Amino acid sequence: MTETPQQAAKVIQQRLALYFKPRTQHRYRLDIVNNIYGASYNFFLNIQAPYQRERSLPLHRLRVYQLVYLETVVHLLRQTTQLTFNFVDFATQRWPQKQTLIKRGD
C-alpha cells in the first residue's frame with residue numbers, strides 16, 4: 001500500500017520536529033534529492049552550526065516517483081515550515097501544475 005501525500009508530509013513534519021531545534025547562528029535547510037537510480041525522492045534536514053561541518057539527517061523517502069505526488073508533498077510542507085527547500089538533481093524538470101523550473105534553493 002502506498003502512502004498518500006498527506007501521510008508522507010505528516011511523517012516528514014514529525015521527523016522535522018524531532019531534529020529541528022532553533023538555535024542562534026545555525027543554518028537549517030531541507031534538501032530534496034531526486035534519486036534517479038533508485039526511482040525515489042529523498043528528504044534530508046541539513047544543519048550547520050558555526051565553525052562546524054554541515055550535518056545531513058535523513059527524514060524520509062518517497063517511493064512514489066511522480067512529480068505530481070512530490071509537488072503535493074512539497075506544497076503541504078511549505079504550509080507548515082519556513083525552512084529553505086533545496087532541490088538536488090532535478091536538472092531541467094518542471095513542476096507539473098505550475099510549469100516552473102524546479103530550482104535549487106526554491
Side-chain angles (χ1 to χ4, degrees):
M1 183 173 137
T2 59
E3 63 186 359
T4 65
Q6 292 79 9
Q7 291 171 330
K10 185 176 180 180
V11 168
I12 295 168
Q13 291 165 352
Q14 290 171 344
R15 293 181 182 165
L16 257 174
L18 287 175
Y19 298 123
F20 180 66
K21 308 292 182 215
R23 296 188 180 133
T24 58
Q25 297 185 355
H26 280 62
R27 284 196 238 165
Y28 299 94
R29 182 181 73 223
L30 193 62
D31 280 353
I32 302 168
V33 180
N34 182 11
N35 182 358
I36 57 175
Y37 302 109
S40 64
Y41 300 111
N42 301 319
F43 286 75
F44 298 93
L45 175 64
N46 284 349
I47 303 170
Q48 186 169 14
Y51 310 109
Q52 293 183 6
R53 288 181 180 230
E54 187 174 70
R55 291 184 351 177
S56 183
L57 304 168
L59 295 176
H60 194 57
R61 178 182 189 185
L62 298 182
R63 297 185 189 276
V64 178
Y65 194 61
Q66 299 171 354
L67 280 175
V68 173
Y69 184 84
L70 176 65
E71 186 175 25
T72 305
V73 172
V74 169
H75 177 73
L76 292 168
L77 288 173
R78 286 184 194 262
Q79 293 174 353
T80 59
T81 184
Q82 293 183 358
L83 291 175
T84 300
F85 286 71
N86 185 38
F87 297 93
V88 180
D89 292 337
F90 282 87
T92 59
Q93 294 183 13
R94 294 181 175 271
W95 290 117
Q97 293 178 352
K98 296 190 280 184
Q99 286 300 310
T100 58
L101 283 174
I102 301 173
K103 301 181 283 189
R104 294 182 71 95
D106 194 13

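All figures in this text were calculated on a predicted structure; none of them were measured in a lab. All heavy atoms count here, side chains included; hydrogens, waters and symmetry mates do not.
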Evaluate Leu59 against Leu30 for side chain to side chain contact (heavy atoms under 4.5 Å, CB included), listing each step before the verdict. CA-CA 9 Å; Leu59 295 176; Leu30 193 62; 3.4 Å; yes
Walk me through it: do Leu83 and Leu16 pass the test side chain to side chain contact (heavy atoms under 4.5 Å, CB included)? CA-CA 10 Å; Leu83 291 175; Leu16 257 174; 3.8 Å; yes
Indicate yes or no for a side-chain donor-acceptor contact from [X] to the backbone of [Y] under 3.5 Å, with no hydrogens or angles considered.
X	Y	value
Asn34	Asp89	yes
Arg94	Gln99	yes
Gln13	Thr80	no
Arg27	Gln48	no

Mind telling me whether Phe90 and Phe87 have parallel, tilted or perpendicular rings, with 30° and 60° as the class edges? perpendicular
Restricting to ring-ring contact (aromatic ring centres under 6.0 Å, His included), what partner residues turn up for Tyr65, sequence neighbours left out? Tyr41
Got a sec, which residues hit ring-ring contact (aromatic ring centres under 6.0 Å, His included) with Phe20, two or more places apart in sequence or on another chain? Tyr28
Would you say that Glu3 contacts Leu62 through its side chain, given a criterion of any heavy-atom pair below 4.5 Å between the two side chains? yes
Tell me, do Leu70 and Ile102 make a side-chain contact under 4.5 Å, heavy atoms counted? no
When you check the side-chain N and O atoms of Gln79 and His75, is any donor under 3.5 Å from an acceptor? yes
Kindly indicate, with the supporting measurements, whether the criterion side chain to side chain contact (heavy atoms under 4.5 Å, CB included) is fulfilled by His26 and Lys21. CA-CA 10 Å; His26 280 62; Lys21 308 292 182 215; over 6 Å; no
Taking atom CZ as the centre, does Arg55 end up with more than 12 heavy-atom neighbours from other residues, nucleotides or ligands that are less than 6.0 angstrom away? no
